[in-house]
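Below is one structure, written out as structure tokens; comments come after it.
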Protein chains: 2
Amino acid sequence: MEHVAARAGVSRALVSIVFRGVAGASEATRERVLAAARELDYRPDTRASRLGSSRTRTLGVTFSVGHAFHGDLLESLYTHADAAAYELVLSGVTPSRSEAAAVETLLAERCEGIILLGSSQETAQLERLAARLPVVSVLRPVPGGEVGVVRTDDAAGLRLSVEHLRGLGHRRIAFLDGGRTAGAAERRRGYRTAMRRSPPLTEMVLPGGVSELEGAEAARAFLGIGPRERPTAVAAFNDRCAIGFVDVVRQAGLHVPGDVSVVGFDDITEAGYPHVALTTVRQDAERLGAEVVRTLADRLDSGSPDQNIGTTPAAPVVIEPELVVRASTAPATRRGARS
Amino acid sequence: MEHVAARAGVSRALVSIVFRGVAGASEATRERVLAAARELDYRPDTRASRLGSSRTRTLGVTFSVGHAFHGDLLESLYTHADAAAYELVLSGVTPSRSEAAAVETLLAERCEGIILLGSSQETAQLERLAARLPVVSVLRPVPGGEVGVVRTDDAAGLRLSVEHLRGLGHRRIAFLDGGRTAGAAERRRGYRTAMRRSPPLTEMVLPGGVSELEGAEAARAFLGIGPRERPTAVAAFNDRCAIGFVDVVRQAGLHVPGDVSVVGFDDITEAGYPHVALTTVRQDAERLGAEVVRTLADRLDSGSPDQNIGTTPAAPVVIEPELVVRASTAPATRRGARS
DNA sequence: GTCACGAACTAGAGCGCTCTAGTCATCATC
DNA sequence: GATGATGACTAGAGCGCTCTAGTTCGTGAC
């Protein structure tokens, strides 16, 4: 910085002004400084600038590495954080690196707010964290109102699934459960509600899970059911689970959607591939990301300067999902499952 | 820090000593400081500590968000960086956030070294970057020797594929190409070499790609070939491509491995799921990560203090892949494709 | 008793920025 | 021509650490 200042013939303070993009430098000087910086291949040290300023304008994000939908969310977060003049610092969660450890590094970075994608921490822990700084839990609802929440209306999503299948004439509709994953309880609840509407249908919850593997296992349980009692349709916890289910069911000689209709959840990229063509409930990653940044930025930018603690989070933001009908669902046949 | 020092009745310098874990504090004081810190919920500010010290002990990583194999690599990198007392800072690449932009933020963080997972930048750009600081390209070979490289022996991997299929009696073996992706050229070369060994077989390269989508498209091209000329085995650029291929081929009524054997590449988690059971060439994410950290740490820790420029990278580290035989390959039948 | 020595601890100058409180022209205003 | 305003710029005190160059004190050797 010193060198750039010298080369441009100005003070260090002026260089700072130019790089922060604030008012206080003439157009001519601004260009001279930028030119000098370019020649010296200089770029401001983010560590130092964050240290110097009262605000770090930094948002920490924990995410599961390799998780497809988290990838989609990150993309949206990057875009909107950038637009709101915030920087993102990522902290990955892996089987050997816990979410708590990931959060710890974010705190040490002095992030102003923390974004947790699909958090698996206990509510009490989240509340303790939220007492220190603004926290928003994405995808996973957190009761109590201390922790900000941005999520899809999971229950409504499953209602869409079930109503769609009902409308196609299905009466035996199973749900492939998601266990303790973020959002699973709500989806299960949505399934139950929809099944109890008139005319009420017999509920059937099969243990499922988050990945293709668990979908495949659920399919084996499904195939173990006698053809006459077998559900003619299945709503899965998510797309990957649905895809694993379809794979195994097809390998067993059944047809999808001829013998069994399947609906997923998320609308991951793969679900839209022509050879997969999964009917699913779309979560809008783009909007989720936008809302996360908006709620956090609102809290941070409005709060009394350097005193974010005390600003309460806005009410949970719940985004309505949308049914995307593709080729994995079809009208129920009279005789139920064939073969 | 001030507060912790006051509470423990020592100087700020002593607190620093304790938190850095260096010698110079008695056991009793150490505990007193730690206790005070715990009570005040204090943790050192990483920005400030990096600023203060000559070394940042920070490694920057660019990766594709949502890319399964990058996720596996990140996990390994986290583990080994931690063991070598380095910190990782992640910078995600998305369709709307270029690799160059990702690198830019890493430079601004003053990372000591940069790790590029599956870089898609041009060699010239990589070399320019490598002139500033140690860079290692993972998965993607870079000629010239200026940029460190840690990768799997892609060519050998495809030779393993082809030899395996040859051994099963296959003679018409196609390759689903990976286009311009990292490693694709080497795999294509490995395929060619293996096909030209005695007895030489007729090469057949079908356009493939990196995802299931492209594998599915390749399958359609494959199905368009007359049953008599159709390859009886396929080596795919990667697992996802192989999986898409298998899906479509099965939907068309062919059997895998009965009618066509398929070999993937990577050994992503999904390939090992029982209902997928893909024969594949395993890339060892754990070892790749370990080697990346080792080579970087070697350069950084040995170099003349605060003068990394000039230390040349070690020779490329090439890790031998391993064939994992599962259920997607079987001996060739006399008549080639059935159905 | 004196001295050297090492262990335990401290003072204080950075690190590369930000940002408040200035200085100094220049220009319109009455 | 004195008076502010305004715009362009600078000095210098932080930010929260690290780290060198001390100081202090207890211990053992002689």
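These figures come from a predicted structure and were not determined experimentally. Naming: A, B, ... by sequence-line order, numbering from 1 per chain. When reading the values below, keep in mind they use all heavy atoms of this one structure, side chains included, and skip hydrogens, waters and symmetry mates.
- Taking for each of B:G52 and B:V10 the nucleotide of DNA chain C with the nearest heavy atom, the 5'-most of the two is the partner of B:V10.
- One interatomic measurement links the two molecules: CG of B:L51 to C1' of C:dC15, which rounds to 5 Å at whole-angstrom precision.
- Considering only the side chain of A:A48, C:dG16 comes nearest among D:dC19, D:dC17, C:dG16.
- Using a 4.0 Å heavy-atom distance criterion, B:R110 is classed as a sugar-phosphate-only contact.
- Remark: A:S26 is in phosphate contact with D:dC9, judged by side-chain N or O atoms under 4.0 Å from OP1 or OP2.
- Between A:I17 atom CD1 and C:dG22 atom C1' there is a gap of 13 Å when expressed in whole angstrom units.
- When rounded to the nearest whole Å, the span between CZ of B:R55 and P of D:dC19 equals 11 Å.
- Relative to the side chain of B:S11, the nucleotides D:dC19, C:dT10, C:dG12 differ in distance, and C:dT10 lies closest.
- When each of A:A13 and B:S53 is assigned the nucleotide of DNA chain C bearing its nearest heavy atom, the one mapping closer to the 5' terminus is B:S53.
- Side-chain nitrogen and oxygen atoms of A:R20 include none within less than 4.0 Å of the OP1 or OP2 phosphate oxygen of C:dG16.
- The side chain of B:S16 lies closest to D:dT18 when the candidates are D:dA11, C:dG16, D:dT18.
- D:dT10 atom P lies 13 Å from atom CD of A:E2, rounded to whole Å.
- An OP1 or OP2 oxygen of C:dC15 is reached within less than 4.0 angstrom by no side-chain nitrogen or oxygen of A:R50.
- One interatomic measurement links the two molecules: CZ of A:R47 to P of D:dC17, which rounds to 15 Å at whole-angstrom precision.
- A donor-acceptor contact closer than 3.5 angstrom is absent between the side chains of A:T58 and A:R110.
- Aromatic ring centres of B:Y78 and B:Y86: separated by at least 6.0 Å.
- A:D45 places its CG atom 14 Å from the C1' atom of C:dG14, with the value rounded to the nearest Å.
- Nucleotides of DNA chain D nearest to B:P44 and A:L14 differ in position, and the one nearer the 5' end is that of A:L14.
- Comparing D:dT10, C:dC17, C:dC19 against the side chain of A:S54 picks out C:dC19 as the nearest.
- Atom P of nucleotide D:dC9 and atom CD of A:E27 are separated by 11 Å, given to the nearest angstrom.
- Of the possible donor and acceptor atoms, none in the side chain of A:R57 sits under 3.5 Å from a partner among the backbone N and O of A:E87.
- A parallel orientation is assigned to the rings of B:F63 and A:F63, their planes being inclined by less than 30° (bins at 30° and 60°).
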**Asked** Would A:R20 and A:S16 count as a side-chain hydrogen bond (donor to acceptor under 3.5 Å, both in side chains) if you check the C-alpha gap in whole Å, the side-chain angles of each, and the deciding distance to 0.1 Å?
**Response** CA-CA 6 Å; A:R20 277 177 296 143; A:S16 171; 3.0 Å; yes
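- For the pair B:M1 CE and C:dA11 P, the computed distance is 13 Å after rounding to whole Å.
- Nucleic acid contact for A:T46: none, since no nucleic acid atom lies under 4.0 Å from a heavy atom of the residue.
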